[in-house]
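The shown structure was predicted, so the numbers you read here are calculated from the model rather than taken from an experiment. Below, each value reflects all heavy atoms present in this structure, side chains not excepted, and no hydrogens, waters or symmetry copies.
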Amino acid sequence: MEGVRFSIERGGLNRARGEADRLTYRRDTTALAAEGLSLFMTVPDGEVRLTAPRGAGVVSDRRFDVAGGIKVNRGADMATTESATYEAPPVGAGLVSGTEPVTVTGPGYRLTGRGFKLYPAAGDLVLGGGARLLAGLPVTP
């Protein structure tokens with residue numbers, strides 16, 4: 001399918017919405033592959049936008065991998081990494097994680113690390129591998 005719009009619901013609540021330039025879905029296995037992804041998640045203090053060139057997963061496993069250079073924007077902050085995995089347990093909140101280097105930038109700072117865990121429900125990001133923060137950088141308009 002091309003030009004697909006989708007929404008993700010859990011517990012009767014809309015958790016996210018998105019678009020894919022191209023989407024392939026296998027009904028027999030629930031395997032999913034997508035290109036040109038944009039995902040919008042509502043969080044308590046605004047909205048998070050994730051873009052990725054490609055992704056694949058299995059709906060029944062509640063797991064989805066994205067790759068090809070991921071960008072996540074939340075207000076004036078942006079995170080970039082090469083790949084990430086989303087896993088949703090049968091009960092409770094999901095987890096987004098990755099093992100590649102990650103960079104988070106915002107007004108006056110840059111935070112880098114190797115690997116991360118993002119808890120979307122709480123909005124918490126934990127960087128691993130010797131996280132490094134540079135603060136007091138010039139703020140560009």
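Note that the OH atom of Tyr25 and the OG1 atom of Thr30 stand 5.0 Å from one another [nearest 0.5 Å]. To the nearest 0.5 Å, atoms OG (Ser60) and CG (Leu32) are separated by 11.0 Å. Atom CG of Leu95 is separated from atom OG1 of Thr85 by 9.5 Å, given to the nearest 0.5 angstrom.
Using a 4.0 Å cut-off between charged side-chain N and carboxylate O, Arg22 and Glu2 make a salt bridge.
Put simply, the side chain of Thr81 gets close to the backbone of Pro101: a donor and an acceptor are under 3.5 Å apart.
No path of Ile, Leu, Val, Met, Phe, Trp and Tyr side chains, each step under 4.5 Å between heavy atoms, connects Val139 with Met78, placing them in separate hydrophobic clusters.
For Pro53 against Gly68, the heavy-atom pair with the smallest separation is CG-O, 3.1 Å.
The shortest distance between side-chain heavy atoms of Val66 and Leu37 falls below 4.5 Å. Between Val96 and Lys117, every side-chain heavy-atom pair lies at or beyond the 4.5 Å cut-off. Counting heavy atoms from C-beta outward, Val126 and Phe116 have side chains that stay 4.5 Å or more apart. At least one side-chain heavy atom of Leu39 sits less than 4.5 Å from a side-chain heavy atom of Phe6. Using a 4.5 Å heavy-atom cutoff, the side chains of Tyr109 and Leu134 are not in contact.
Among residues at least two apart or in separate chains, salt bridge (Lys or Arg N to Asp or Glu O under 4.0 Å) pairs with a member in residues 65-79 are Asp45-Arg74, Arg63-Asp65.
Other cluster members for Phe40: none, since no ILVMFWY side-chain heavy atom sits under 4.5 Å from it.
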